[in-house]
Amino acid sequence: MTQEVTGTFAELGLHPSILAALTAVGYEEPSPIQSQAIPVILAGHDMIGQAQTGTGKTAAFALPILSKIDPAKRELQALILAPTRELALQVATAFETYSKQMPGLNVVAVYGGAPMGPQLKAIRMGAQVIVATPGRLVDHLSRNDQLLSTISHLVLDEADEMLKLGFMDDLEVIFQAMPASRQSVLFSATLPASIRTIAEKHLREPKHIKIAAKTQTVSLIEQAHLMVHADQKVQAVSRLLEVEEFDALIAFVRTKQATLDLASALEAKGYKVAALNGDIAQNQRERVIESLKDGRLDIVVATDVAARGIDVPRITHVLNVDMPYDPESYVHRIGRTGRAGRVGRALLLVTPRERRMLQVIERVTGQKVAEVRLPNAQQVLDARIKKLTNSLAPLVADAEASHGELLDRLIADIGCSPRALAAALLRKATNGQSLNLADVEREQPLVPTVSAPRERRERDGERGGDFAPRERRAPVPLAEGRARCRTALGTRDGIAAKNLLGAILNEGGLAREAIGRIQIRETFSLIELPEEGLDRLLGKLKDTRVAGKALKLRRYRED
Ligand code: AMP
């Protein structure tokens, strides 16, 4: 199996200040979508990129656009449209990160659920990049129809999601408000007919970029995934490692900094671990790999670049802490285990936004990557006791001959029972590690895992399968931390799940993941929302209207 060599960021022709920022964030090489899209965007073409979250798509458009922006001109030059407030903020943060070495460059995020005044002020102060959700941008346009008259670069990010949320009409208004001479780039995970129609109407001879997915086989590798939030990854890894029985393990992350951070967190837990990244000199790299081979190290935390060519038969586990950019890279990574005909185990951490990438991996490898849960305190305790048993059992046979007399003397000197002495020795030998359930529970507060992804209706890509009502009448148990709310609007009012979702995302300013199941009935609808901050959210939605009618969302009590 060969891995495509993608070249360097410098070879792609990016502005030197952008290259400097990339060095600072620790990206080692462009992802496949970046290698393909950056030259096309730099050359000024319109483009359609088919890519989902996790491929590095944000940098694929942000880096070339920033390279082309003139920070000396204090006017809006680039507009990025995103379906949700959460994504808009994420994209704005990415632009800020990549433009750290561009003095004078300002980014403004514009989204619903926040006052318009500060957003307007930031635009007037001379921001060059505006990242917006369509609904709120249209509100701004209704006050100032010249707002977008200087835009020369447009990106529609997650265009399919925007259409699912019912933003088609808003997009038309926005297109009309921009100069026709602009460069337009559209990113979408799927390309349903509605997206192609937009592209035909508003893009000029767009180039298509898609990462070809070749089918790959990974037969000797047992695969599993876990849903986690991005900020809980280190905690999740620590817990997983407690119960996984591995000889040697390679953990993959995306950046140099992440290799260092995770390696030092695991070192603090007592693992024999080293970081491997592109900054590490070749001879040192070789020493790390040798140490992994002969058992002086058990874990290596690596970036894809640094892990190239590692062939260590002791590796029983590959842990994908950060998602690979594409299925090929996934297959390449997990191929580090299952060597020489042995069965290997590959674990993948998936954040809520990366679910689609998981589906792509499953499709390309033709295998289901089963979901597993994080081990609970009891499982962690059992694993610790098993390890202790395994380490003590071989010593029992001859320890009494060498240490028996000493033991008698200690019991006499201290004046304690053999059991008390054995317990004290155990405590010392285990360095104060928690070895009863109450202590393990305290030390390992339960990470609230994200629920498993539901099947999406991918075929037409048009319908929000995640949010479509499922069992129409069955009572549905409520997940922890969620509350069910009710509105008197239903199908007879012309309401569909996407209308409710769009209204709540925009006006409530919630992240999409925060919204659970939506059930639409004829005369009412139910929607699951986070318990935390619910009263504030309902306050924000007090005057919201959907399909022309007052939403009037209330807590719903089943009893
Ligand atoms: P995206 O697909 O745009 O949501 O990006 C997913 C993640 O990959 C983000 O956390 C980025 O910071 C990270 N990322 C993007 N490009 C690179 C790269 N070339 N090297 C390392 N990390 C990257």
Side-chain angles (χ1 to χ4, degrees), residues 3-12 14 18-38 41 49-66 80 82-84 86-100 131 155-161 185 187-189 209-211 228-231 233 252-262 276-279 301-308 320-327 329-330 333 348-358 360-361 511-513:
Q3 165 117 334
E4 199 183 331
V5 177
T6 42
T8 65
F9 279 113
E11 284 162 10
L12 294 176
L14 292 167
I18 304 293
L19 295 177
L22 289 178
T23 308
V25 284
Y27 292 2
E28 299 196 316
E29 61 166 10
S31 70
I33 192 87
Q34 291 164 4
S35 303
Q36 293 195 46
I38 290 172
I41 299 176
Q50 204 174 341
Q52 52 275 315
T53 299
T55 50
K57 68 181 167 62
T58 314
F61 61 77
L63 303 177
I65 286 179
L66 281 171
I80 321 302
T84 62
E86 184 211 21
L87 183 65
L89 283 169
Q90 221 169 289
V91 171
T93 307
F95 268 86
E96 276 162 4
T97 305
Y98 303 140
S99 64
K100 281 246 162 72
V131 186
V155 179
L156 302 182
D157 193 13
E158 300 197 357
D160 49 357
E161 297 295 318
V185 170
F187 272 92
S188 194
I209 301 281
K210 184 180 176 182
I211 305 301
V228 293
H229 290 288
D231 57 0
K233 282 186 179 177
F252 282 96
V253 293
R254 284 202 167 170
T255 64
K256 292 172 195 168
Q257 193 56 46
T259 62
L260 303 175
D261 293 346
L262 184 57
L276 207 57
N277 62 52
D279 277 354
V301 185
T303 56
D304 289 289
V305 179
R308 258 177 215 151
N320 293 283
V321 179
D322 289 336
M323 189 59 101
Y325 298 120
D326 56 14
S329 151
Y330 173 76
R333 283 180 179 186
L348 174 66
L349 302 190
V350 182
T351 65
R353 297 184 45 76
E354 292 167 342
R355 284 176 180 168
R356 199 185 275 270
M357 189 63 156
L358 172 67
V360 175
I361 287 174
R512 183 167 165 174
E513 292 80 46

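Just so you know, ligand 1 is whichever comes first in the structure, and atom 1 is the first atom listed for that ligand.
Checking Thr303, Leu348, Asp304, Val321 one by one against Phe252, the side chain to side chain contact (heavy atoms under 4.5 Å, CB included) holds for a single residue, Asp304. Paired with Asn277 under the rule side chain to side chain contact (heavy atoms under 4.5 Å, CB included), one option of Val301, Thr255, Leu260 passes, and it is Leu260.
Of all atoms in ligand 1, numbered sequentially from 1 with element shown, those under 4.0 Å from a heavy atom of Gly56 are 1 (P), 2 (O), 3 (O), 5 (O), 15 (C). Near Gly54, meaning under 4.0 Å from one of its heavy atoms, ligand 1 places the atoms 1 (P), 2 (O), 4 (O).
Looking only at protein heavy atoms, the nearest one to atom 3 (O) of ligand 1 is Thr58 OG1, 2.6 Å. Of all protein heavy atoms, the one lying nearest to atom 12 (O) of ligand 1 is Tyr27 OH, 2.4 Å.
When non-hydrogen atoms are compared, ligand 1 lies under 4.0 Å from the side chain of Phe9 (C-beta onward) but not from its backbone.
Side chain of Gln34 to backbone of Gly56: a donor-acceptor contact under 3.5 angstrom is found. In terms of modelled atom types and a separation under 3.5 Å, the side chain of Asn320 and the main chain of Met323 share no donor-acceptor contact. Side-chain N or O atoms of Gln50 include one that pairs as donor or acceptor with a backbone N or O of Ala189 at under 3.5 Å. Gln36 places no side-chain N or O within donor-acceptor distance of the main-chain N or O of Ile209, the cut-off being under 3.5 Å.
Residue Pro30 has no N or O atom closer than 3.5 Å to an N or O atom of ligand 1. Checking only distances, Ala59 never comes within under 3.5 Å of ligand 1, N or O to N or O. No N or O atom of Tyr98 sits closer than 3.5 Å to an N or O atom of ligand 1. Taking only nitrogen or oxygen atoms, main chain and side chain alike, Tyr325 reaches within less than 3.5 Å of ligand 1.
Glu29 counts as a contact of ligand 1, since one of its heavy atoms falls under 4.0 Å from the ligand.
Using bins of under 30°, 30° to 60° and over 60° for the plane-to-plane angle, the ring pair Tyr98/Tyr27 lands in the perpendicular bin.
Proximity annotation for atom 8 (O) of ligand 1: of Gln34, Glu354, Arg254, Arg254 comes nearest, heavy atoms only.
Within 4.0 Å of atom 1 (P) of ligand 1, at least one protein heavy atom is present.
Residue pairs meeting the salt bridge (Lys or Arg N to Asp or Glu O under 4.0 Å) criterion with at least one partner in residues 55-64, sequence neighbours excluded, are Lys57-Asp157, Lys57-Glu158.
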